[in-house]
Amino acid sequence: MKNISVFFTLVLLFLGASYQSSAYLCGTPSLSAESGSLHGANTIQPLPPADLTIPALPTAPALPIGIERTFFAPDFRSMQQYTVSAVLRGVGRFCYIFVEEAEWNTRVTAETVQSIVRAFDATTPANPQRGIYPTLVDLFGVPPDIDGNGKVILLLLNIRDTGDANRYIAGFFNPADQNLGVLRNPGFRGFPIRSNEADMLYIDTQPLNPNSEMAHNVVAHELQHLIHWRHDPHEATWVDEGCAGYASFLCGYPVQEHVAAFEKTPSVSLITWPETEADSLPYYGAAFLWILYLHEQHGGIGTVAEIVQNRGTSLTGVADALASKGVTEKISDIFISWKLANYLSEYRAVRLSLMPYRWYRSYPSGTQDGKLRNFSADYIGFEEAGGLTLGFSSDSATSSAAHTIEFHRTGDVHVREIKLSNGNSGAVVLPDTVIEAILVPSLQAETINAETRSTNYQYSATRGAHITFIATALPNPVHPRYWDIIARSSESLVGLTPTVTLARLDNATERIHREAQAMYQVVQDSQDNHLYRFSFLLEPEIVPESIVYQISLDSRIVDTGSLTE
């Protein structure tokens, strides 16, 4: 792998860099397999030739400055195509720069074009001696060359979208252009799609400033999509977008606004993509951070290059790429490490500050409900957390996990897993030295159609010493030798299970009759009482008056009594 040192230079740059705004949207997901499917032979159907055809062009290097060409572009408002009249305004070693005629000498000038050519061919913030194209090609491989001219066409145009300056499509790669002729695509409401039959990227001119470094950022992002298409045209959107953000990052362009969106909404699912682009900003951040984490923890740039070039899709492709690099950990286990690393900001190249979706400052919290999509995590904060008992339970039998991140007065930070029982519940008691704690539940099910999985969970926070019980012992009315111990707790015990220990009194000596055994919860009654029950057989030779019981919760005795009390 050539010029790997570029990345480490970049890391040092980013550690001290102040980020510029980069909260742009990529239009490629709207044109991809998961959003109306321009990907895949099953959805692209060649149609008979139409009257409107693409003019033939001479091959490079004969293409002269000033030649005119009509391109077909998608209108993201109507999801239909329209034509764009453009003129070739710049030629680089690796690119042709076409500019929409209406944008020339208004938003785009000769200086604009030359700046983009330099960025594409020769120089990036990460390495002043290497441009976007050689940087990404060295790492990920060459792009396709369907038009045989050896260059990538960059079309600078005013992309037709919602026109919202805060949520605009800054660029895209259209997979339809990698096919021939006229196509039909459901994402375009059944209307015919005419391919430009070219290796091309579309770069916005309004509101994106084409004279800015942000425009070069978008070019790097979209070039990754073109390269990724050649190796894996069916790749899942979240992987493709994560690699595209990583490509911009490698070239030294900022991705902080996408990361900032994830910091504010860290509970999004890693492996899904929203139906509307307006909701997608935190998903860009999540996908980028996942790819960056794999780079930093599992094999470097070579791992990401293998993900781009691997023909597997989504989790399968990532797992195959990691296995090819000798990584033996399961994806689900890596995800658990990643969810914790995000809150602890355990990256070399970025700084994170995640925002928990809820904070607690007084207790008990009561029983609280949550829901997780697959490969997502929640972050729930607790202040003045010393001595708290955190309880957790989940509907998912095998794929849930819950951890606590504990911040101590000493400055130490400890991470603990909440061990889940067969009933998929568990609890931890926080040391008195904990001043703040974060509960991090997650779901990570590596199954077919993993993106459709979800689970419900419950949690609670209590001061263990404040939980009290009222208990009584009753003989079973049907089987007199059976006894039931019924206990009512003062609070819901999410993740906690009271236990009963039986002792026998013999000549004023007390000895264990039965070791501690778990009670089970009875359905809450109409007064919302939390009832627990323990049933046992009393042998005929033992008189009830000799048996005493002890109810414990987290090794603390909460009630005692005798059968005949």
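For the residue pair Thr455 / Asp395, no side-chain donor-acceptor distance below 3.5 Å is found, with atom types taken as modelled. In summary, the side chains of Gln444 and Ser442 do present a donor paired with an acceptor at a separation below 3.5 Å, with no hydrogens or angles considered. With hydrogens and angles left out, the side-chain atoms of Glu263 and Asn342 include no donor and acceptor closer than 3.5 Å. A donor-acceptor pair shorter than 3.5 Å can be found between the side chains of Asp177 and Tyr202. Between the side chains of Asp378 and Tyr457, a donor-acceptor pair is found at a separation under 3.5 Å. Side chain to side chain, Trp238 and Ser314 meet the donor-acceptor criterion of an N or O pair below 3.5 Å. For the residue pair Glu446/Ser332, the side-chain donor-acceptor check at 3.5 Å is satisfied.
Shown here for Ala427 and Ile418, the closest heavy-atom pair between the two residues is N-CG2, 3.6 Å. Considering every non-hydrogen atom in both Ile153 and Ala198, the closest pair reads CD1-CB, 4.0 Å. Scanning both residues, Leu420 and Phe392, for their nearest heavy atoms gives CD2-CD2, 3.8 Å. Here the closest non-hydrogen pair linking Val440 and Ile405 is CG2-CD1, 4.0 Å. Heavy atoms only, all atoms of each residue included: Ala247 and Ala220 are closest at CB-O, 4.1 Å. Between Asn158 and Glu100, the shortest heavy-atom distance links the atoms N-OE1, 2.9 Å.
Judged by distance alone, the side chain of Thr313 and the main-chain N or O of Ala236 form no donor-acceptor pair under 3.5 Å. A distance-only check finds no donor-acceptor pair linking the side chain of Asn196 to the backbone of Phe71 [under 3.5 Å]. Remark: the backbone N or O of Gly426 is not paired with any side-chain donor or acceptor of Lys419 at under 3.5 angstrom. Of the possible donor and acceptor atoms, none in the side chain of Glu451 sits under 3.5 Å from a partner among the backbone N and O of Asn374. Here the side chain of Asp320 pairs no donor or acceptor atom with the backbone of Gly312 at under 3.5 angstrom. A donor-acceptor pair under 3.5 Å is absent between the side-chain atoms of Thr123 and the main chain of Ala119, judged by distance alone. Although no hydrogens or angles enter the test, the distance criterion places a donor-acceptor pair under 3.5 Å between the side chain of Asn217 and the main chain of Pro254. The closest donor-acceptor contact from the side chain of Arg311 to the backbone of His231 lies under 3.5 Å. When atom types are taken as modelled, the side chain of Asp199 and the backbone of Ile146 share a donor-acceptor pair closer than 3.5 angstrom. With hydrogens and angles ignored, the 3.5 Å screen pairs a side-chain donor or acceptor of Arg230 with a backbone N or O of Pro143.
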- Query: Could you go step by step and tell me if Phe375 and Thr272 meet the side-chain contact (heavy atoms from CB on, under 4.5 Å) rule?
  - Reply: CA-CA 9 Å; Phe375 280 85; Thr272 61; over 6 Å; no
- Could you walk me through whether Phe72 and Thr83 pass the side-chain contact (heavy atoms from CB on, under 4.5 Å) check? CA-CA 5 Å; Phe72 306 109; Thr83 57; 3.8 Å; yes
- Evaluate ring pair (Phe, Tyr, Trp, His ring centres under 6.0 Å) for Phe76 paired with Phe172, printing each intermediate quantity in order. CA-CA 11 Å; Phe76 288 91; Phe172 60 92; 5.1 Å; yes
- Task: Given side-chain contact (heavy atoms from CB on, under 4.5 Å), test Leu250 with Phe140 step by step and report yes or no.
- Result: CA-CA 12 Å; Leu250 282 181; Phe140 302 137; 4.2 Å; yes
- Task: Applying side-chain contact (heavy atoms from CB on, under 4.5 Å), run through Leu270 and Trp338 and close with a yes or a no.
- Result: CA-CA 11 Å; Leu270 172 66; Trp338 179 72; 4.2 Å; yes
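Just one of Val304, Thr303, Asn310 meets the side-chain contact (heavy atoms from CB on, under 4.5 Å) condition when paired with Glu306; it is Asn310.
In this structure, Ile307 CD1 and His228 NE2 are separated by 8.5 Å, a value rounded to the nearest 0.5 Å. Between atom CD of residue Gln178 and atom OG of residue Ser195 there is a gap of 7.5 Å, rounded to the nearest 0.5 Å.
Side-chain rings of Tyr284 and Trp273 approach one another, their centers coming within less than 6.0 Å.
Looking only at side-chain heavy atoms (C-beta outward), His221 and Glu241 come within less than 4.5 Å of each other.
Crowding of Arg416 atom CZ: a count of heavy atoms from other residues, nucleotides or ligands under 6.0 Å exceeding 12.
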